[in-house]
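Remarks on the structure that follows.
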Amino acid sequence: MRLLLAILLPWLQFFTIGRPFAGIICLILQVTLIGWVPAAIWSVYALSQYNTDKKISRAFGNGN
């Protein structure tokens, strides 16, 4: 679900992973049609990093 959100509404995905400042920058980038593709790529990359951080956190027993 978040991957679809990262592609369609990249700026909103940043807010769901707790990075509001990046979300605002992404929204500014997404305003232009040309900027949509880099914004979506950035959003998908940030989502993959978020998922990796969650897995590492669980592996070390932090729970979050």
Side-chain angles (χ1 to χ4, degrees):
M1 182 68 184
R2 281 191 177 169
L3 181 61
L4 185 62
L5 186 65
I7 294 170
L8 297 178
L9 296 171
W11 63 272
L12 186 59
Q13 188 271 134
F14 280 106
F15 285 96
T16 67
I17 64 172
R19 296 183 60 195
F21 185 70
I24 293 168
I25 293 172
C26 189
L27 178 61
I28 293 168
L29 181 63
Q30 188 181 343
V31 168
T32 65
L33 196 55
I34 295 171
W36 191 297
V37 174
I41 292 170
W42 180 28
S43 183
V44 169
Y45 175 75
L47 180 61
S48 71
Q49 292 299 312
Y50 173 76
N51 290 336
T52 301
D53 290 345
K54 286 291 191 181
K55 288 177 186 177
I56 291 171
S57 176
R58 275 186 261 140
F60 285 112
N62 295 340
N64 295 6

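Closest non-hydrogen pair, Phe15 versus Pro20, comes out as CE2-CB, 3.4 Å. Minimum interatomic distance between Ala40 and Ile7 (heavy atoms only, all atoms of both residues): CB-O, 4.1 Å. Taking all atoms of both residues into account, the shortest heavy-atom contact from Gly23 to Trp11 is O-CB, 3.4 Å. The two residues Val44 and Ala6 have their closest heavy-atom pair at CG2-CB, 4.0 Å.
Of the possible polar contacts, one joining the Gln13 side chain to the Ser43 backbone as a donor-acceptor pair under 3.5 Å is found. In this structure a side-chain-to-backbone donor-acceptor pair under 3.5 Å is present from Thr52 to Ser48.
Atom OG1 of Thr16 sits about 7.5 Å away from atom CG of Leu47, to the nearest 0.5 Å. Atoms CD and CG, on Gln30 and Leu27 in that order, are 6.5 Å from each other to the nearest 0.5 Å.
Leu8 and Val37 are members of different hydrophobic clusters when ILVMFWY side chains are connected at heavy-atom separations under 4.5 Å. Ile24 is connected to Leu9 through a chain of hydrophobic side-chain contacts under 4.5 Å among Ile, Leu, Val, Met, Phe, Trp and Tyr, so both are in one cluster. Both Ile17 and Leu3 belong to a common hydrophobic cluster when Ile, Leu, Val, Met, Phe, Trp and Tyr are linked at side-chain heavy-atom distances under 4.5 angstrom. Cluster membership for Ile28 and Leu12, using ILVMFWY side-chain heavy atoms within less than 4.5 angstrom, is shared.
Residues passing the side-chain contact (heavy atoms from CB on, under 4.5 Å) test with Ile25 are Phe21, Trp42, sequence neighbours excluded.
Within the 4.5 Å cutoff, no side-chain heavy atoms of Arg19 are placed close to those of Tyr50.
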